[in-house]
Undergrad: 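Here's a structure for you.
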Amino acid sequence: MNTNIKGNIGLTKVIADITEKGYEVYLPISDYLPVDLIMVDSKMNICRLQVKYRNIERNKIIIPFSSVINGKKVKIDFTKIDGWAVYVPESNQIYYISVNDIDTTKTIFSFRLEKSIYNQPNESPLGDKFLDIKRLWKVNWEGLKPHC
């Protein structure tokens, strides 16, 4: 399965999930934006999301801080998105991650699906933390109207 097909599957799964949870979804018509969809609550607060299709890698989900736009790998501008909706096909699960959850000085973000047996102190967070879409709506950008 190629990247475009995976992206379309992830996008349709996320749109269905967001819609079932009572939010509106708007799609950009251009292919060069860093945003894959805009989620809107009942008060018209917006949340700009990138959608990712990610397979499990050694009990982890890894999200690189880059996207492919017009065939070129581009570093994510964290001022232009509010977070990610990550579809994992093996579990048919969607995880919602806010930009506030990540360290923007790094090149990737990862989370574990199960706790490590080694209990390392700097272990990646558990994915259960990212299952609740409502946590995205706690973002507040420097006193501006909340996006997510």
Side-chain angles (χ1 to χ4, degrees), residues 1-115 123-142 144-148:
M1 191 177 341
N2 73 36
T3 306
N4 289 334
I5 292 172
K6 289 178 181 179
N8 288 338
I9 291 170
L11 184 63
T12 56
K13 295 281 188 174
V14 168
I15 290 170
D17 189 57
I18 290 172
T19 304
E20 287 171 1
K21 288 179 164 93
Y23 299 95
E24 295 287 331
V25 176
Y26 297 87
L27 300 173
I29 58 171
S30 62
D31 209 19
Y32 59 88
L33 295 174
V35 175
D36 293 314
L37 65 82
I38 298 170
M39 179 172 69
V40 180
D41 70 6
S42 61
K43 296 178 183 173
M44 293 305 288
N45 294 314
I46 67 167
C47 182
R48 305 162 299 173
L49 294 176
Q50 272 196 354
V51 175
K52 298 290 183 188
Y53 178 111
R54 290 288 177 263
N55 292 104
I56 299 169
E57 297 179 34
R58 289 189 248 165
N59 190 38
K60 283 187 178 181
I61 303 300
I62 300 169
I63 303 161
F65 295 155
S66 61
S67 283
V68 177
I69 299 174
N70 290 332
K72 294 180 184 175
K73 189 174 181 178
V74 178
K75 186 176 179 341
I76 291 175
D77 180 346
F78 296 109
T79 66
K80 294 183 179 174
I81 68 167
D82 298 314
W84 294 265
V86 182
Y87 173 66
V88 178
E90 294 94 336
S91 62
N92 196 34
Q93 191 67 259
I94 298 169
Y95 297 90
Y96 295 96
I97 300 152
S98 167
V99 169
N100 290 343
D101 292 324
I102 63 162
D103 179 351
T104 58
T105 64
K106 307 276 183 176
T107 57
I108 64 165
F109 174 76
S110 67
F111 60 90
R112 293 186 162 280
L113 297 177
E114 295 175 8
K115 192 169 177 83
E123 189 171 75
S124 300
L126 282 174
D128 290 354
K129 172 181 180 178
F130 307 112
L131 291 173
D132 184 8
I133 196 170
K134 291 179 184 167
R135 62 186 310 288
L136 283 175
W137 295 97
K138 295 179 182 168
V139 175
N140 191 344
W141 297 97
E142 302 167 14
L144 298 173
K145 183 177 178 181
H147 287 283
C148 287

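Residues: numbered from 1 along the sequence shown. The shown structure was predicted, so the numbers you read here are calculated from the model rather than taken from an experiment.
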Undergrad: Who are the ring-ring contact (aromatic ring centres under 6.0 Å, His included) partners of Y95, not counting sequence neighbours?
TA: F111
Undergrad: Provide the closest heavy-atom pair for T12 versus I9 in the form atom of the first, atom of the second, distance.
TA: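 Nearest heavy atoms, T12 then I9: OG1-O, 3.0 Å.
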Undergrad: Distance from Q50 atom CD to D82 atom CG, nearest 0.5 Å?
TA: 11.0 Å
Undergrad: On a heavy-atom basis, which atom in K13 and which in I94 lie closest, and how many Å separate them?
TA: O-CD1, 3.5 Å
Undergrad: Just wondering, do L49 and I81 contact through their side chains at under 4.5 Å, heavy atoms?
TA: no
Undergrad: Is the shortest heavy-atom distance from the side chain of I133 to the side chain of Y23 under 4.5 Å?
TA: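 Answer yes - side chains close enough.
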Undergrad: Would you name the heavy atoms of R58 and R112 that are closest together and state the gap between them?
TA: O-NH1, 4.5 Å
Undergrad: What distance separates M39 CE from I18 CD1, expressed to the nearest 0.5 Å?
TA: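 Rounded to the nearest 0.5 Å, the CE-CD1 separation comes out at 5.0 Å.
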Undergrad: Please test Y26 against V35 for side-chain contact (heavy atoms from CB on, under 4.5 Å), starting from the C-alpha separation and ending with a verdict.
TA: CA-CA 11 Å; Y26 297 87; V35 175; over 6 Å; no
Undergrad: Which heavy-atom pair separates I61 from R54 by the least distance, and what is that distance?
TA: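 For I61 versus R54, the nearest heavy atoms are CG2-CB, 3.9 Å.
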Undergrad: Verify side-chain contact (heavy atoms from CB on, under 4.5 Å) between Y87 and N92, making sure each step is shown before the conclusion.
TA: CA-CA 7 Å; Y87 173 66; N92 196 34; 3.0 Å; yes
Undergrad: Just how far is it from atom CD1 of I38 to atom CG of L33, taken to the nearest 0.5 Å?
TA: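 One finds 8.5 Å between CD1 of I38 and CG of L33.
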Undergrad: Can you name the closest pair of heavy atoms from K52 and I63 and give their distance?
TA: CG-CG2, 4.4 Å
Undergrad: Given side-chain contact (heavy atoms from CB on, under 4.5 Å), test L27 with I15 step by step and report yes or no.
TA: CA-CA 10 Å; L27 300 173; I15 290 170; 3.8 Å; yes
Undergrad: Taking E57 for its side chain and I62 for its backbone only, find out whether a donor-acceptor pair lies under 3.5 Å.
TA: no
Undergrad: Taking the side chain as C-beta and beyond, is there a heavy-atom pair between N55 and P89 under 4.5 Å?
TA: yes
Undergrad: Among residues at least two apart in sequence or on other chains, which ones pass ring-ring contact (aromatic ring centres under 6.0 Å, His included) with F65?
TA: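 Result, ring-ring contact (aromatic ring centres under 6.0 Å, His included) vs F65: F78, W84.
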Undergrad: Yes or no on side-chain contact (heavy atoms from CB on, under 4.5 Å) for Y53 and M1, after CA distance, side-chain angles and deciding distance?
TA: CA-CA 12 Å; Y53 178 111; M1 191 177 341; 4.0 Å; yes
Undergrad: Could you report the tightest heavy-atom contact between L126 and L113, atom names first, then the distance?
TA: CD2-C, 4.2 Å
Undergrad: Output yes when K21 and D17 qualify as a salt bridge under the 4.0 Å nitrogen-oxygen rule, no when they do not.
TA: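 Yes.
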